Asker: 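Shown below is the structure under consideration.
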Protein chains: 2
Amino acid sequence: MQITLKDIARMAGVAESTVSRALNDKKGVGEETKLKILKIAKEHNYRPNQLARGLAAKKTNMIAVFLSEMDSPSNIEIVKHLEAAAESEDYQIILCNTNNQEEKEKRYLSLLESNQVDGAIFIGGKLVGSHLLRASFSSDNSIVLVNRLAEENFFTSVLTDYSSGIYQAVKHLIKQGYQKIALVSGPKDNLVEEEKTTGYMEALEESELKLNHDLIYSTESSREAGYNAFLKIIESEVIPDAFISTKELTTIGLVEAIKMGGYFIPDDFAVVGYGDNILTSIIEPPLTVLSEPLAELAKKSFYFLLKLINDGLDSQKIEVLNPSLIIRDSSIKKYN
Amino acid sequence: MQITLKDIARMAGVAESTVSRALNDKKGVGEETKLKILKIAKEHNYRPNQLARGLAAKKTNMIAVFLSEMDSPSNIEIVKHLEAAAESEDYQIILCNTNNQEEKEKRYLSLLESNQVDGAIFIGGKLVGSHLLRASFSSDNSIVLVNRLAEENFFTSVLTDYSSGIYQAVKHLIKQGYQKIALVSGPKDNLVEEEKTTGYMEALEESELKLNHDLIYSTESSREAGYNAFLKIIESEVIPDAFISTKELTTIGLVEAIKMGGYFIPDDFAVVGYGDNILTSIIEPPLTVLSEPLAELAKKSFYFLLKLINDGLDSQKIEVLNPSLIIRDSSIKKYN
DNA sequence: CCCACTTACGCAAGCGCTTGCGAAAACTTG
DNA sequence: CAAGTTTTCGCAAGCGCTTGCGTAAGTGGG
């Protein structure tokens, strides 16, 4: 059996409460006593039982991280940074892979509801669950949304300005001389995808290019989906000369389809992909991509959550970060 | 405040103990009473407080997953499958990214020691911490090692037979007509890396090729390391005509270095990489790789752990799975 | 040197649940 | 129908910790 507070108390000849206070560095215990207690605790390699502590203090030092897609390198990267931040603040991360399924999200939500975690961070994901979230939230839980839009600005969120990102991408392509730019975005039931379309349309409008709805294609986020997207799009009446793809795996699939079709990038089609990760940099040609400040996204959201946990609701806010366009070979017109 | 067992008990007009038994489907409560209790619980959306439950029952339904490298797609894939298995058995996963640092591993080990988790799965990682592990283990914790070798066969483990994998790879290369095969493996302080060398040497010996120690290179696991490995190796006296690289990112870096040097794969150098993932399949040329049965690895280890948790030590065992060689362009000699 | 004030510590309740035990009630069976 | 057996359920202790409150000891000022 593990050594307990009581044991330490007995050894030190003091009350449990004193030991507890000493260990938690609270006031109300003399310097000398504290030192003695700490010494004994260390000697016996005492580990507080976090469950008991959580039960008594209503604080678990654990947060749930809801991951909409584990296949996305960006998401993984965010988790990595979250883990680092959490570790430095002595928090534990519970991984909740929801796979964009409302069902799974709901199941994991009970972690929040049963007070097993102090808060939760949602990375990406559809709109769907928002009302559920809200229900959990009202039972005074701390929640932060990362790159996830809800109907109302109810939650503390940190978002990437996808609209401006896509806007930049379109502008860049136009400048390079591309005229018929296709947009391949993620599922429609995700509000952030709508935003992307907004940025796309703004840029077109400003450049007085005509908007063609055949060139806007939305599909799920996977390699196959990207592959098929290309096949579908080139079937349409107007053949694009450039693609903007807003999901990581989709981008890869798209490029593969292009190459498989015997076309060349950027000669036949320019491609602007998404995510500055190893994938987009090793594929040939290296892809121009929209890149999010992932580390910042992670850090911001974690500390927002921390603030929510500690200070309560008053500190709710929304932060928008800008993506940047990393220009590589796939969108540089060679012969003009 | 959350609704509690006591509340349900009051509403149902029974004792807390009865509610507890009903909810946990234990015997000792009449069918009728049970139904009534369940109904009330559902109506009020009752969620048991897992902390209290854990404290009382000494069981948390959480396991820690120690991840030695979060950059490795294979590791992530394993985690993904673990998460799925855990979810199906109503377990939660706590993510512990150790980055191969003993310090971090030690810190996270206290999760085990403080009874916050029922067990732990270690994915990869160095030997270093084994004595620590053992210490934690002796305090009756359940531990399963995945692709991690300890000095003694003390822990329940599920391993990939790297030795045979590399053996296969070498044989394949020889068959293709390659004669001077270099091996780029991971850090030496990792026992599984030694195993790889074993397989390599066995295959060479059997084929009566001379072993050249300049062709065995061990380095850390990263893109840069792979890049540099190539540069170092071609500086040596004997220039290889093929590379076997045993780490995912290392493999990518190696290929990049080869291409950057103006060489062609497989004409100048054959490459056998590691990990059947998106990376190795999109790089050009597509890489012949050693592939582990990741899903199986994950599932096996999870259920081993479950057994350990439920039945105790007696069921300790070691399972070895075979990797397979996926042959693609990078190791097919074009002109012979 | 006494009173007010601060500081150090112990007491005990309580967090929400599980579980061993015993009593009462409901069944058996000869 | 009595005695034994089984089932159903409540009581209460306890998991290991935190925390409000009360008391004893220590401090300083008049």
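Throughout, protein chains are lettered first and strands after them, A, B, ... in sequence-line order, and every chain is numbered starting at 1. Hydrogens, waters and symmetry mates are skipped; everything else that's a heavy atom, side chains included, is used. Note that the structure is a prediction, hence the values are computed from the model and not measured.
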Asker: Nearest-Å distance, NZ (B:K27) to P (C:dC21)?
Answerer: 13 Å
Asker: Using the closest heavy atom to pick a nucleotide of DNA chain D for each, name whichever of B:L55 or A:R21 lands nearer the 5' end.
Answerer: B:L55
Asker: Between atom CG in B:L23 and atom P in C:dT18, what is the gap in whole Å?
Answerer: 8 Å
Asker: What is the distance, rounded to the nearest whole Å, between atom CG of A:D25 and atom P of D:dT19?
Answerer: 14 Å
Asker: Any side-chain heavy-atom pair from B:N97 and A:K80 closer than 4.5 angstrom?
Answerer: yes
Asker: Check if the side chain of B:R47 and the base of C:dG16 share a donor-acceptor pair of N or O atoms closer than 3.5 Å.
Answerer: no
Asker: For B:G30, which contact category applies under a 4.0 Å heavy-atom criterion: base, sugar-phosphate, or nothing?
Answerer: sugar-phosphate
Asker: Inspect the contact between B:R148 and B:E105 and indicate whether a charged nitrogen and a carboxylate oxygen are less than 4.0 angstrom apart.
Answerer: yes
Asker: Short of 4.0 Å, heavy atom to strand atom, which residues of residues 7-18 of chain B count as contacting DNA chain D?
Answerer: B:G13, B:V14, B:A15, B:S17, B:T18
Asker: Is A:E102 salt-bridged to A:K106, going by a charged N under 4.0 Å from an acidic O?
Answerer: no
Asker: Name the residue closer to the 5' end of DNA chain D, choosing between A:A52 and B:K34 according to the nucleotide with the nearest heavy atom.
Answerer: B:K34
Asker: Do B:D118 and B:T60 have side-chain atoms, one donor and one acceptor, less than 3.5 Å apart?
Answerer: yes
Asker: Rounded to whole angstrom units, what separation is found between the CD atom of B:Q116 and the C1' atom of D:dC17?
Answerer: 13 Å
Asker: So do A:M62 and B:M62 actually touch side chain to side chain, heavy atoms under 4.5 Å?
Answerer: yes
Asker: To the nearest angstrom, how far is A:K59 atom NZ from D:dT19 atom P?
Answerer: 11 Å
Asker: Find the distance A:Q50:CD to D:dT18:P and express it as a whole number of Å.
Answerer: 9 Å
Asker: Can you tell me if A:S20 touches the phosphate of D:dC17, counting only side-chain N or O atoms and a distance under 4.0 Å to OP1 or OP2?
Answerer: no
Asker: Respond yes when some side-chain nitrogen or oxygen of B:K58 is under 4.0 Å from OP1 or OP2 of D:dG16, and no when none is.
Answerer: yes
Asker: Can you tell me if A:N24 touches the phosphate of D:dT18, counting only side-chain N or O atoms and a distance under 4.0 Å to OP1 or OP2?
Answerer: yes
Asker: Quickly, which of B:R10, B:K6, B:R21 forms a side chain to side chain contact (heavy atoms under 4.5 Å, CB included) with B:E16? Name it, please.
Answerer: B:K6
Asker: What is the separation between atom CD1 on B:I3 and atom C1' on C:dC15, rounded to the nearest whole Å?
Answerer: 17 Å
Asker: Check the side chains of A:Y108 and B:E87 for a donor-acceptor pair under 3.5 angstrom, ignoring hydrogens and angles.
Answerer: no
Asker: Ignoring backbone atoms, establish whether B:R53 has a side-chain N or O less than 4.0 Å from OP1 or OP2 of C:dG16.
Answerer: no
Asker: Indicate whether OP1 or OP2 belonging to D:dC9 is found under 4.0 Å from a side-chain N or O atom of B:T33.
Answerer: yes
Asker: Measure from NZ on A:K26 to P on C:dA8 and round the result to the nearest Å.
Answerer: 16 Å
Asker: Using a cut-off of strictly less than 4.0 Å, decide whether A:Y46 has a side-chain nitrogen or oxygen near OP1 or OP2 of D:dG16.
Answerer: no
Asker: Just by distance, do the side chain of B:S157 and the backbone of B:F155 share a donor-acceptor pair under 3.5 Å?
Answerer: yes
